[in-house]
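Worth knowing before you read on, the calculation uses all heavy atoms, side chains too, and leaves out hydrogens, waters and symmetry mates. Here the structure is a predicted model, which means the values were calculated and not measured.
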Amino acid sequence: MRRRIPFLFLAASLLAVSAGAQAGGSASLLVLSKQDHTVAIVDPASLKVLGKAPVGDDPHEVVASADGRTAYVSNYGFGRFHTITVIDLVNRRQDKVIDLTPLRGPHGLAFVDGKVWFTAEANKCIGSYDPQTGKVDWILGTGQNRTHMLYVFPGAKRIVTTNVNAGTVSVFNFEEAQGGPPPGGPGAPGGPPPPPGFPAGAILPPGGDWNPTVVPVGTRDEGFDVSPDGREAWIANAGDGTVSIIDLNAKRVTATLDVNVKSANRLKFTPDGKRVLVSMLGSGDLVVIDVASHQIEKRIPIGHGAAGIQMQPDGKRAYVACTPDNYVAVIDLKTLEVVGRIEAGGNPDGLAWAAAL
């Protein structure tokens, strides 16, 4: 008996570790509930809620780290709040709260190059938070009213934002510094010497600069996405019901689609780039637009209004937060039909995909 107890204990422990590894190794859909102030962790295979964690007041957007272990939730408050809540997805609990003071109204989120990028609507700016140092390490003003959503390109050399009340899109491009020091400046011939340890011939200050381009679009532009090839941004204009298409290299609008999407909230490309889905808070239809033809392919009845949209990375399904109806609609992207519902809490809004651990 003395020999069997350790063996049975070891076997049971190994079984528990294995089961835990399998559970932790699955990708998850994250669903914010504005009513319950929680984030639900959902198994996309069974559409069952695996767990929930508190996220603070007025949660609007959620994003997961690249390793799928951590989620970040913006506490918006229409410019009153100033926090981002951090969720431990492995243990399905709140980890900590990041205080962004004096920045207020965090909303749009992205996780790129190991950092959390966010908008601070009340301050008309965007910023980044480094989880390694636990600090906000960069801020850039937009000069535009209600900078709301953002898209950060890999490498963080280009950033796109929608500015709701300004009716504009900001395209920021980072350009490396070139050339030598300015005439008469530190390190230039005849000028003062550079600071100790500063490389000879370098420009002061070091580094490059962010060059902004402000592109006028429709009224109350909010939801938007960048095409998978990175060439275009499609913008849903909630005020006039149009979709603006911006050539991101030319930095100008190349087409405006009259597709009747007034009250549009979110817009997302399918992973193959062939379709765009638009949700509307004031309509029960999800609008599907064919990217090549710029024509509406289908209007899918999903409820009484919708907000967040999330694509399954394999392109098989889309998830749409039907806020007034308190469920998330599951869309088959092959048939363009509703194939399921997820009950993840009242007034669902922001959605995110957490990659497998």
Side-chain angles (χ1 to χ4, degrees), residues 32 34 58-62 74 76-79 105-110 119 121-122 124 126 142 144-151 160-171 214-227 232-246 253-269 275-289 291 294-311 318-325 328-329 331 347-351:
L32 287 183
K34 291 198 293 186
D58 201 30
H60 270 244
E61 296 298 314
V62 57
S74 56
Y76 176 48
F78 293 93
H107 191 277
L109 296 174
T119 61
E121 188 176 284
K124 303 180 183 180
I126 54 180
T142 67
Q144 301 294 299
N145 289 337
R146 284 196 68 197
T147 299
H148 199 65
M149 303 295 290
L150 83 167
Y151 184 100
V160 182
T161 73
T162 47
N163 311 300
V164 181
N165 286 6
T168 62
V169 170
S170 296
V171 182
V214 177
V215 183
V217 288
T219 57
R220 290 185 55 231
D221 58 311
E222 182 176 346
F224 84 103
D225 199 7
V226 171
S227 58
E232 294 182 336
W234 286 45
I235 320 296
N237 303 308
D240 57 32
T242 62
V243 170
S244 301
I245 301 175
I246 296 176
V253 174
T254 58
T256 300
L257 311 183
D258 187 6
V259 286
N260 190 22
V261 289
K262 286 188 176 181
S263 77
N265 187 257
R266 295 293 175 264
L267 178 152
K268 289 291 181 184
F269 275 90
R275 291 168 171 153
V276 157
L277 274 57
V278 184
S279 64
M280 296 175 285
L281 285 173
S283 172
D285 291 342
L286 178 72
V287 176
V288 182
I289 303 173
V291 170
H294 292 179
Q295 300 298 311
I296 293 178
E297 183 175 350
K298 189 173 184 180
R299 290 180 179 268
I300 307 172
I302 55 173
H304 297 88
I309 304 173
Q310 181 61 45
M311 297 294 170
Y319 303 88
V320 184
C322 300
T323 309
D325 299 298
V328 175
I331 311 297
N347 297 131
D349 190 3
L351 306 175

Under the ring-ring contact (aromatic ring centres under 6.0 Å, His included) rule, collect the residues that match up with Y76, sequence neighbours excluded. H60, F78, H107, H148
Test salt bridge (charged side-chain N to carboxylate O under 4.0 Å, His left out) applied to [X] - qualifying residues, sequence neighbours left out:
| X | answer |
| --- | --- |
| R146 | E121 |
| R275 | E297 |
| D349 | K34 |
| K268 | none |

T162 and its side chain to side chain contact (heavy atoms under 4.5 Å, CB included) partner, picked from I235, V217, L267: I235
Given I300, which partner from the list V288, L277, V320 fulfils the side chain to side chain contact (heavy atoms under 4.5 Å, CB included) test? V288
Measure from the side-chain N and O atoms of T219 to the backbone N and O of D240, and report whether any donor-acceptor pair falls under 3.5 Å. yes
Shortest non-hydrogen contact from [X] toward [Y]:
| X | Y | answer |
| --- | --- | --- |
| A236 | A264 | CB-CB, 3.7 Å |
| P106 | S74 | O-CB, 3.5 Å |
| I302 | D325 | O-OD2, 4.5 Å |
| V160 | F224 | O-CZ, 3.4 Å |
| I126 | T119 | CG2-CG2, 3.9 Å |

To the nearest 0.5 Å, tell me how far [X] [atom1] sits from [Y] [atom2].
| X | Y | atom1 | atom2 | value |
| --- | --- | --- | --- | --- |
| H294 | T256 | NE2 | OG1 | 10.5 Å |
| M280 | N265 | CE | CG | 11.0 Å |
| L286 | I309 | CG | CD1 | 5.5 Å |
| T254 | E232 | OG1 | CD | 5.5 Å |

side-chain contact (heavy atoms from CB on, under 4.5 Å) with A122: which residues, sequence neighbours excluded? R104
How would you list, by chain and number, every residue that makes a side-chain contact (heavy atoms from CB on, under 4.5 Å) with V291, sequence neighbours excluded? W234, F269, V276
Pair S170-Q144, side-chain donor/acceptor within less than 3.5 Å: no
side-chain hydrogen bond (donor to acceptor under 3.5 Å, both in side chains) with [X]: which residues, sequence neighbours excluded?
| X | result |
| --- | --- |
| N260 | none |
| K124 | N145 |
| N237 | T242, S244 |
| T147 | T142, N163 |

